[in-house]
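Letters A, B, ... are given to chains in the order of the sequence lines, protein chains preceding strands, and every chain is numbered from 1.
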Amino acid sequence: MDFLNILNDPQQKAVQHIDGPAMIIAGAGSGKTRVLTFKIAYLIYKGIDPFNILSLTFTNKAAKEMKERIAKAVGEQQAKNLWMGTFHSVFAKILRIEHEKVGFPSNFTIYDTDDAKSLIKAILKDLNLDPKVYKPSLVYNRISSAKNNLISADAYADNTNIISDDNQSQKPYIHKIYKLYQNRLFRAGAMDFDDLLFKMNELLRDDPEILLKYQNKFRYVLVDEFQDTNYSQFTILKRLAARHENITVVGDDAQSIYAFRGANIQNILNFKNTYPDTQIFKLEQNYRSTKNIVNAANSIIKQNKEQLKKTVWTANDEGEKIKVFRTNSDQEEGMSIANEIFRVENEQHLGFDSFAILYRTNAQSRALEEALRKSDIPYRIYGGLSFYQRKEIKDLLGYFRLTLNPNDEEALKRIINYPARGIGKTTLDKFILTASQHNVGLWKVIENPLAFKVQITGGTLNKLNAFRDLIYAFSKIIENENAYDAGQKIAASSGILKELYSDKSAEGLARYENVQELLSGLKEFSEDQKEQGLPAKLPDFMNDVALLTDQDQTDDEEQPKVTLMTVHAAKGLEFPYVFIAGLEENLFPSQLSVNSRADLEEERRLFYVALTRSEKKAYISYALTRFRWGNLIYCEPSRFIEEIDETFLDYPFVEKQTSNFSDFIRSQTKSQPTKKKTAFTPPRNLKKVSSTNAVSFEGSPSSEIVAGAEVEHVRFGKGKVLQVEGVDPNKKATVFFNGVGQKQLLLKFAKLKVL
DNA sequence: TAATGTAGAGTTTTT
DNA sequence: CTCTACATTA
């Protein structure tokens with residue numbers, strides 16, 4: 001095994017371990033993917049049949065990349081037979097194979113979160129419950145977390161703790177919604193994300209034959225990103241591995257950032273309790289980042305109480321210190337970053353894809369995007385509304401879904417009257433009611449409304465029959481044509497293409513293009529599958545389209561671009577230069593996390609993940625003001641900045657002034673009208689970048705701000721004071737800004753200059 | 001039943 | 001602010 005030579009000692013040992021439980025604790029940048037890849041290659045090299053290896057990853061993209069790497073090591077033929085994918089996609093596949101035992105059609109639909117919430121809304125209506133009290137997203141989360149803990153609808157209703165919780169929060173009927181929700185899913189031949197795991201658990205629990213079959217099939221189980229698995233997932237693993245106990249988990253407790261969706265960090269912290277024979281391998285050498293970055297990240301993470309002991313170190317260069325930017329506004333923050341990217345790129349010529357801007361929330365991308373656009377820096381934003389969540393895409397997929405599974409209620413509701421064909425809400429409501437009364441699928445009623453004595457007019461019946469026949473026709477098309485041709489035909493004869501084409505607005509054009517993009521995706525799929533000798537029908541495409549995310553899309557990038565994404569989305573990636581924006585209290589850490597120690601620790605891990613993405617240099621920035629929901633709010637620097645050992649920071653402000661940030665801010669804002677402040681003028685490293693915007697913008701004394709005065713604001717530009725009210729510390733001015741409109745500003749914060 | 005207008009809510013992260 | 005969902009009107 002030549003290739004072992006390029007690994008370090010603990011990496012080699014981890015790779016060469018074959019039988020029995022193993023846990024690989026992989027620090028950030030320690031070559032985790034490489035070890036996992038080599039380990040699988042090594043197993044195959046040692047004669048283990050790839051058919052017997054199951055490897056679970058966090059994203060489909062990760063699985064695909066790993067498979068390609070393994071193919072290079074052991075050859076295409078061998079690699080092809082590996083089972084690799086996300087928990088959801090692998091188990092969806094198995095559930096389709098074993099669908100008879102599960103009691104679902106093999107082409108069951110997978111409801112995404114939007115479908116699920118929409119269904120919950122429909123149930124609320126049936127139960128006459130107020131959607132403001134029973135917020136669909138809240139109910140969904142409650143059900144989801146129950147499922148992730150393997151609590152069925154019946155168990156939920158019987159659990160006195162849960163019920164008293166719900167009673168306490170004035171939502172006593174959640175158990176009822178849960179039960180009905182499962183009923184409706186069943187009738188629609190649909191599962192939500194959590195069901196995929198839940199039903200897999202049930203299957204393995206209740207059917208010894210199936211259990212044995214998959215235990216013997218997956219003699220070797222490997223799990224990546226184990227720190228982000230939930231109880232349901234771990235339970236599946238335990239069941240599968242119970243016979244041979246060849247289970248290898250790889251992860252980093254310091255990078256566990258998905259507790260909000262049920263991930264249980266205890267899975268990794270207590271893995272050895274479950275398998276006392278576990279061999280533990282620690283990968284502690286970081287190959288990615290400079291000493292400064294590694295040490296700064298260590299100084300952050302050590303503040304967390306709950307963690308496995310390890311010491312991440314690097315032999316790399318010292319590198320530059322982490323630079324801190326402070327700006328007056330979120331816009332300026334964007335400009336500072338854009339200017340710095342421009343400067344570094346001019347100097348180093350690494351290409352714009354060497355830069356990433358990371359942030360806590362998607363909403364922050366706007367100001368950053370604007371700044372990059374102004375500076376003519378190419379960029380690509382990841383996340384936000386995903387491609388597959390767009391209305392036009394869901395509409396077309398709705399036709400595909402309904403044709404493949406006519407009981408798919410959410411798909412039906414979505415398209416039965418889109419494009420408009422005269423079947424309105426009233427009619428649809430009648431059908432849904434009738435279906436519920438007879439406890440049959442919606443499609444049964446649609447096919448033959450008279451059999452169920454639904455009161456409809458002859459005209460409606462005709463329209464309905466036309467729709468029914470349309471779907472029948474699509475069904476034939478899907479049977480006979482490949483995915484692309486079928487998709488094309490359905491898009492055309494459903495009227496969707498025409499509908500979108502007739503909309504000449506910019507948004508309409510974009511929607512049309514999106515649909516075209518989906519169709520070309522189908523084309524690519526059809527050709528790829530054919531090439532590999534695999535089936536290329538529409539159902540094959542639809543099988544896990546609900547499990548795809550934007551990250552799985554192949555981007556045919558023509559030019560290098562700066563990456564903009566949330567910290568979560570950046571997990572597993574690396575960039576030479578990383579900017580972490582919006583390091584402010586109530587933003588990062590998020591407002592919702594600051595009250596609980598566990599949540600705050602997760603935010604801190606998130607920051608750790610962000611910082612450890614960088615190879616050469618990291619920047620962190622915060623703004624003193626920021627727009628949120630159209631309102632200007634005032635921000636304080638994040639506690640995380642203080643938590644970094646200052647020897648790793650290039651942060652000129654703290655040295656001169658007090659280290660207490662709130663005092664610092666207060667002193668600035670209070671003394672604002674008078675004397676010149678040394679500390680508040682932009683520090684040297686900022687001068688250059690902020691000079692394009694407002695250079696050390698000085699406000700006038702509040703006594704000069706009177707009604708009728710012409711003033712200038714650092715952000716809104718020129719305007720006229722309409723009214724001033726209140727007394728000095730809390731004096732408030734109403735100002736009309738040209739082109740911006742009327743704003744109310746507190747003078748102690750807002751800097752207004754009288755012209 | 002379709003189209004238009006208005007009110008209300010939302011920003012934590014995603015399979 | 002911006003988007004969506006609902007209600008009202010034609």
A.B. asks: From CG of A:D114 over to C1' of C:dT4, roughly how many Å is that when rounded to an integer?
C.D. replies: 12 Å
A.B. asks: In whole angstrom, give the distance that lies between atom NZ of A:K117 and atom P of C:dT4.
C.D. replies: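 Rounded to the whole Å, the gap is 14 Å.
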A.B. asks: Name the closest nucleotide to the A:N362 side chain, picking from B:dT14, B:dT15, B:dG10.
C.D. replies: B:dT14
A.B. asks: Within 45° of the six-membered ring axis of A:F234 and under 6.0 Å from that ring's centre, is NZ or CZ of A:K238 located there?
C.D. replies: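 Flagged: A:K238 positioned over aromatic ring of A:F234.
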A.B. asks: Figure out the NE2/C1' separation between A:H568 and B:dT13, and round it to whole Å.
C.D. replies: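 Value for this atom pair: 4 Å.
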A.B. asks: Would you mind reading off the distance between A:Y418 atom OH and B:dA3 atom P, rounded to a whole angstrom?
C.D. replies: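 Atom OH in A:Y418 sits about 12 Å away from atom P in B:dA3.
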A.B. asks: Can you give me the closest heavy-atom contact between A:L197 and A:S232, atom names plus distance?
C.D. replies: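 Shortest heavy-atom contact: CB-OG, 3.4 Å.
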A.B. asks: Report each atom pair, protein N/O against N/O of nucleotides 5-10 of chain C, whose distance is under 3.5 angstrom.
C.D. replies:
none

A.B. asks: Does A:Y258 reach a base, just sugar-phosphate, or nothing at all? Heavy atoms under 4.0 Å.
C.D. replies: sugar-phosphate
A.B. asks: Where the side chain of A:A569 is concerned, which of B:dT1, B:dT14, B:dT11 is the nearest nucleotide?
C.D. replies: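 Of the options given, the side chain of A:A569 lies nearest B:dT14.
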A.B. asks: Distance check, P atoms only: B:dT13 and C:dT4, in whole angstrom units.
C.D. replies: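 Here B:dT13 and C:dT4 have their P atoms 16 Å from each other.
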A.B. asks: How many Å lie between CG on A:N543 and P on B:dT15, as a whole number?
C.D. replies: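 The answer, rounded to whole Å, is 18 Å.
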A.B. asks: Not counting sequence neighbours, which residues clear side-chain hydrogen bond (donor to acceptor under 3.5 Å, both in side chains) with A:R261? List them please.
C.D. replies: none
A.B. asks: Could you check which of B:dT14, B:dT1, C:dT2 has an atom nearest any side-chain atom of A:T566?
C.D. replies: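 Among B:dT14, B:dT1, C:dT2, the one nearest the side chain of A:T566 is B:dT14.
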A.B. asks: Mind checking ring-ring contact (aromatic ring centres under 6.0 Å, His included) for A:Y379 and listing every partner two or more places apart, or none if nothing turns up?
C.D. replies: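 None.
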A.B. asks: The criterion is ring-ring contact (aromatic ring centres under 6.0 Å, His included); which residues satisfy it with A:Y608, sequence neighbours excluded?
C.D. replies: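 With sequence neighbours excluded, A:Y608 shows a ring-ring contact (aromatic ring centres under 6.0 Å, His included) to no residue whatsoever.
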A.B. asks: From B:dT1, B:dT14, B:dG10, pick the nucleotide closest to the side chain of A:K135?
C.D. replies: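 My answer, after comparing the listed nucleotides, is B:dG10.
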A.B. asks: Does a side-chain N or O from A:T361 land closer than 4.0 Å to OP1 or OP2 of B:dT13, or not?
C.D. replies: no
A.B. asks: Heavy atoms from C-beta onward define the side chain here; which of B:dT13, B:dA2, B:dT1 lies closest to that of A:N417?
C.D. replies: B:dA2
A.B. asks: Side chain of A:T427, heavy atoms from C-beta onward: which of B:dT1, B:dT14, B:dT15 has the nearest atom to it?
C.D. replies: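 So the nucleotide nearest the side chain must be B:dT1.
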A.B. asks: Which nucleotide sits closest to the side chain of A:F193: B:dT14, B:dT15, B:dG10?
C.D. replies: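 It is B:dT15.
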A.B. asks: Which whole-number value in Å describes the distance from A:K391 NZ to C:dT4 C1'?
C.D. replies: 12 Å
A.B. asks: What does A:S593 touch in the nucleic acid at a heavy-atom separation under 4.0 angstrom: a base, only the sugar-phosphate, or nothing?
C.D. replies: nothing
A.B. asks: Just how far, in rounded Å, is P of B:dT14 from CG of A:D194?
C.D. replies: 16 Å
A.B. asks: Determine, for A:F108 and A:K199, whether the Lys NZ or Arg CZ falls below 6.0 Å from the six-membered ring centre while staying within 45 degrees of the axis.
C.D. replies: no
A.B. asks: With sequence neighbours excluded, what pairs up with A:F260 under the ring-ring contact (aromatic ring centres under 6.0 Å, His included) test?
C.D. replies: A:Y258, A:H568
A.B. asks: With a non-hydrogen cut-off below 4.0 angstrom, is A:R366 in contact with a base, only sugar-phosphate, or nothing?
C.D. replies: sugar-phosphate
A.B. asks: Pairs of donor and acceptor atoms involving the side chains of residues 588-595 of chain A, under 3.5 Å and at least two apart or interchain, shall be tabulated with distances.
C.D. replies:
unit_1, atom_1, unit_2, atom_2, d
A:S590, OG, A:L592, N, 3.0
A:S593, OG, A:S590, O, 2.8

A.B. asks: Considering heavy-atom distances to DNA chain B, does A:T460 or A:L606 have its closest nucleotide positioned more toward the 5' end?
C.D. replies: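 In this pair, the answer is A:T460.
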A.B. asks: Would you mind telling me which residue lines up with the more 5' stretch of DNA chain B, A:F58 or A:R628, judged by nearest nucleotide?
C.D. replies: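 Its nucleotide being nearer the 5' end, the pick is A:R628.
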A.B. asks: When the distance from CD of A:E602 to P of B:dT14 is rounded to whole Å, what number comes out?
C.D. replies: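 Distance, rounded to whole Å: 12 Å.
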A.B. asks: Under the 5.5 Å and 30° test, is A:F260 stacked on the base of B:dT13?
C.D. replies: yes
